[in-house]
Amino acid sequence: MATNVASGAHNFKVVLLGEGCVGKTSLLLRYIEDKFNDKHLTTLQATFLNKRLNINGKRINLSIWDTAGQEKFHALGPIYYRNSNGAILVYDITDEDSFGKVKNWVKELKKMLGSDIVLTIAGNKIDLEHERTVPLEEAESYANMVGAKHFYTSAKLNQGVEDLFLDLTKEMLNKSEQTSQMDVSRTSQVLVVDDELTPVQTSCCSGSKSN
Amino acid sequence: MNVRKSKSNYFPRERLACRCRVKRTVSPSTILKREQKWLRMLNNWEAFMSKNYKKVRERCRKGIPASVRPKAWLYLCGGQLLLEKHPNEYEELLQAPGDPKCMDDIRKDLHRQFPYHEMFIREEGLGQQELFSVLKAYSVLNPKVGYFQAQAPVAAFLLMHMPAVQAFWCLVSISDKYLSGYYNPGLEVLQRDGDILHALLRRTAPAVHRHLVKHKVEPVLYATEWFLCALTRTLPWDSLLRVWDCFLCEGVKVLFKAALVVLAGALGPAKVRKRAAGLCETLEVLRHPPEGVLGEEYLMYHMQRLNLTEEDFEFEHQRQTARRRAMPNRSGS
């Protein structure tokens with residue numbers, strides 16, 4: 001799943017997962033378009049948005065998948081998280097059930113993808129701090145335990161959103177550089193390079209042109 | 001498998017342009033005549049449906065006059081029969097407490113359906129209240145499904161046309177008969193129908209099918225909402241009404257036909273396919289198909305010209321069902 005393409009740009013696929021109505025679409029909309037709209041539709045069709053960024057001179061293309069939250073869509077999950085480099089597991093700090101759902105996703109992702117994927121947990125809607133039901137320490141210690149970073153965000157007030165995506169991107173970058181270094185040492189020993197393997201790594205939107 | 005050549009492989013740009021720009025206007029006298037025909041039909045509904053279904057179908061394909069549409073839909077989908085059979089049930093269902101998780105899920109979605117439509121724009125407004133009632137009543141009636149998020153746009157769309165109790169029975173019929181299985185856990189039926197769609201596309205627009213296969217554009221990635229919401233979130237208003245006229249008369253295969261026409265229309269031109277050389281690029285095209293392709297006249301015209309028979313649908317249905325059964329864990333892999 002290393003994503004170094006010839007052009008030098010890194011392509012990363014990120015998936016947003018979490019219970020319905022926790023703010024996945026709103027986080028994405030805030031991040032990509034810096035907008036907040038409380039009159040948007042429930043997400044039923046998972047869709048993606050692209051974001052290009054530059055970290056220390058490294059060009060990065062993110063394609064971020066926004067998914068449907070209701071449990072009934074669970075069966076489609078693998079279609080969206082397979083080949084993902086990173087996942088953002090979103091919960092609503094005023095909704096304890098949604099935090100339980102995050103735990104389920106973490107379990108599933110660990111089981112299916114092991115440590116190939118960078119996990120980040122986002123406690124959204126901190127503008128409703130006074131209605132919080134998910135205790136701060138619990139969320140943070142859980143994230144710690146499973147090796148995920150934890151962020152507090154408010155898509156509405158634009159708090160923590162940029163940090164969330166930026167940090168995840170850096171983590172994915174680290175991971176991909178580690179793996180590609182390992183790949184280099186491996187290939188130098190094995191000499192046979194199978195060209196056909198190369199296209200598999202690109203998750204989605206590889207070499208995407210400017211839109 | 002008699003695939004006739006030429007015709008519907010794809011629809012050239014020029015033809016597309018001229019067909020969709022001219023919106024056929026129906027003269028007032030024709031509308032009046034159609035209304036009278038429909039009223040006569042609705043008064044002898046049983047007889048027409050059992051003896052002269054083809055006539056009903058033909059009239060649905062021409063478009064049901066706006067004034068009789070709500071009643072026609074109620075009759076077409078069998079909502080009227082259900083209503084007569086269970087006259088007080090809707091009110092009774094509303095008395096039940098309902099599953100708390102379901103109620104919670106429904107409440108979270110009320111302000112997220114057609115949020116700019118005057119009926120649903122106000123939080124706690126009448127529209128949203130009725131939407132809650134209809135969805136709640138369904139979840140109590142059919143606890144196995146409970147509430148599925150895709151039902152909300154369908155219910156809201158129905159509520160724009162008829163009183164809540166009628167909308168409810170239409171929703172029951174659509175959820176349990178027309179889209180039977182779509183709202184069950186696992187979404188198996190949806191995934192199977194996606195496979196059927198692609199198999200049919202291979203016949204009607206081979207080049208488009210090849211393109212989708214090449215770039216691994218699976219049906220779930222773009223057609224989930226098309227099917228689950230019966231196109232209510234996909235088509236512009238006029239087209240949606242016409243497609244639903246046929247959908248409620250002929251069933252789910254109308255959704256397939258509309259999907260096939262949209263696919264062929266959006267990705268038919270080789271130029272478009274060349275530009276959309278990738279998964280994301282292709283999905284982008286399908287997320288916003290050209291306006292002309294979604295236009296009422298274009299859509300209806302090409303849906304009726306698709307060279308697909310009842311047997312073709314049945315054949316693919318059987319084949320894809322068998323295929324899925326042979327590999328039960330396909331979706332999870």
Side-chain angles (χ1 to χ4, degrees), chain A residues 11 13 19-23 25-26 37-51 61-83 92 94-98 100-101 108 111-112 199-200 202-211, chain B residues 101 104-105 107-117 120-121 123 145-153 156 182-188 190-191 194 215-216 218-229 232-234 275-281 283-284 286-287 329-333:
Chain A
N11 293 304
K13 179 180 169 188
E19 177 69 86
C21 209
V22 295
T25 307
S26 295
N37 176 7
D38 56 4
K39 287 209 178 302
H40 71 84
L41 303 177
T42 49
T43 307
L44 301 172
Q45 177 71 65
T47 50
F48 67 91
L49 287 172
N50 288 320
K51 174 90 173 177
N61 300 323
L62 294 181
S63 56
I64 310 167
W65 282 82
D66 181 23
T67 61
Q70 201 185 18
E71 177 60 29
K72 310 226 180 206
F73 285 99
H74 197 110
L76 302 184
I79 294 171
Y80 298 106
Y81 65 62
R82 72 182 170 207
N83 299 326
D92 170 353
T94 70
D95 176 3
E96 235 168 323
D97 290 345
S98 72
K101 188 72 184 279
E108 179 166 344
K111 188 175 146 213
M112 305 302 290
V200 183
T202 46
S203 40
C204 164
C205 294
S206 57
S208 58
K209 291 153 288 183
S210 55
N211 295 329
Chain B
K101 171 82 178 124
D104 206 34
D105 282 358
R107 267 194 208 100
K108 282 184 201 164
D109 286 355
L110 294 177
H111 65 290
R112 303 195 286 171
Q113 318 302 331
F114 300 93
Y116 294 103
H117 189 280
F120 299 104
I121 201 160
E123 298 240 349
V145 171
Y147 165 64
F148 190 100
Q149 283 191 306
Q151 289 176 303
Y182 272 14
Y183 302 151
N184 289 351
L187 297 177
E188 274 295 316
L190 172 77
Q191 296 183 61
H215 297 293
K216 301 198 170 64
E218 295 172 36
V220 242
L221 297 179
Y222 63 87
T224 298
E225 196 171 69
W226 295 0
F227 280 120
L228 291 182
C229 306
T232 49
R233 280 194 179 177
T234 312
R275 239 179 327 181
L279 170 65
C280 286
E281 291 81 357
L283 289 177
E284 192 62 42
L286 292 177
R287 205 191 315 177
N329 291 322
R330 190 173 168 272
S331 63
S333 59

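Only heavy atoms go into these numbers, but all of them, side chains included; no hydrogens, no water, no symmetry mates. Numbers restart at 1 for each chain; the letters A, B, ... are given by sequence-line order, proteins then strands.
- With chain A as the partner, the residue from B:Q149, B:K216, B:E225 showing the most heavy-atom pairs under 4.5 Å is B:Q149.
- Atom CD of B:E123 sits about 8.5 Å away from atom CG of B:L110, to the nearest 0.5 Å.
- Using a 4.5 Å cut-off between heavy atoms, A:D95 contacts chain B through its side chain alone, with no backbone atom that close.
- In this structure A:D66 satisfies the side-chain hydrogen bond (donor to acceptor under 3.5 Å, both in side chains) test together with A:T25, sequence neighbours excluded.
- Here CD1 of A:I64 is found 11.0 Å from CZ of A:F48. Values are rounded to the nearest 0.5 Å.
- In this structure, chain A has heavy atoms under 4.5 Å from both the backbone and the side chain of B:Y147.
- For chain B, the nearby parts of A:H40 are the backbone and the side chain; heavy atoms of each come within less than 4.5 Å.
- In terms of non-hydrogen atom pairs under 4.5 Å with chain B, the most contact-rich of A:D97, A:D38, A:L41 is A:L41.
- Every residue two or more places apart in sequence or in another chain was checked for a ring pair (Phe, Tyr, Trp, His ring centres under 6.0 Å) with B:H111, and none qualifies.
- Of the atoms belonging to A:E19, it is side-chain heavy atoms, and not backbone ones, that fall under 4.5 Å from chain B.
- Within the 6.0 Å centre-distance limit, the rings of B:F148 and A:F73 are counted as a close aromatic pair.
- A salt bridge between B:D104 and B:R107 is absent, with no side-chain N of the basic residue lying under 4.0 Å from a carboxylate O of the acidic one.
- In terms of non-hydrogen atom pairs under 4.5 Å with chain A, the most contact-rich of B:N184, B:L190, B:V145 is B:V145.
- Each of A:E96, A:E71, A:E108 was evaluated against A:K101; a single residue qualifies, A:E71, per the salt bridge (charged side-chain N to carboxylate O under 4.0 Å, His left out) test.
- Among B:R233, B:R287, B:H215, the residue with the largest count of heavy-atom pairs under 4.5 Å with chain A is B:R233.
- For B:A152, no part lies near chain A; criterion is any non-hydrogen pair under 4.5 Å.
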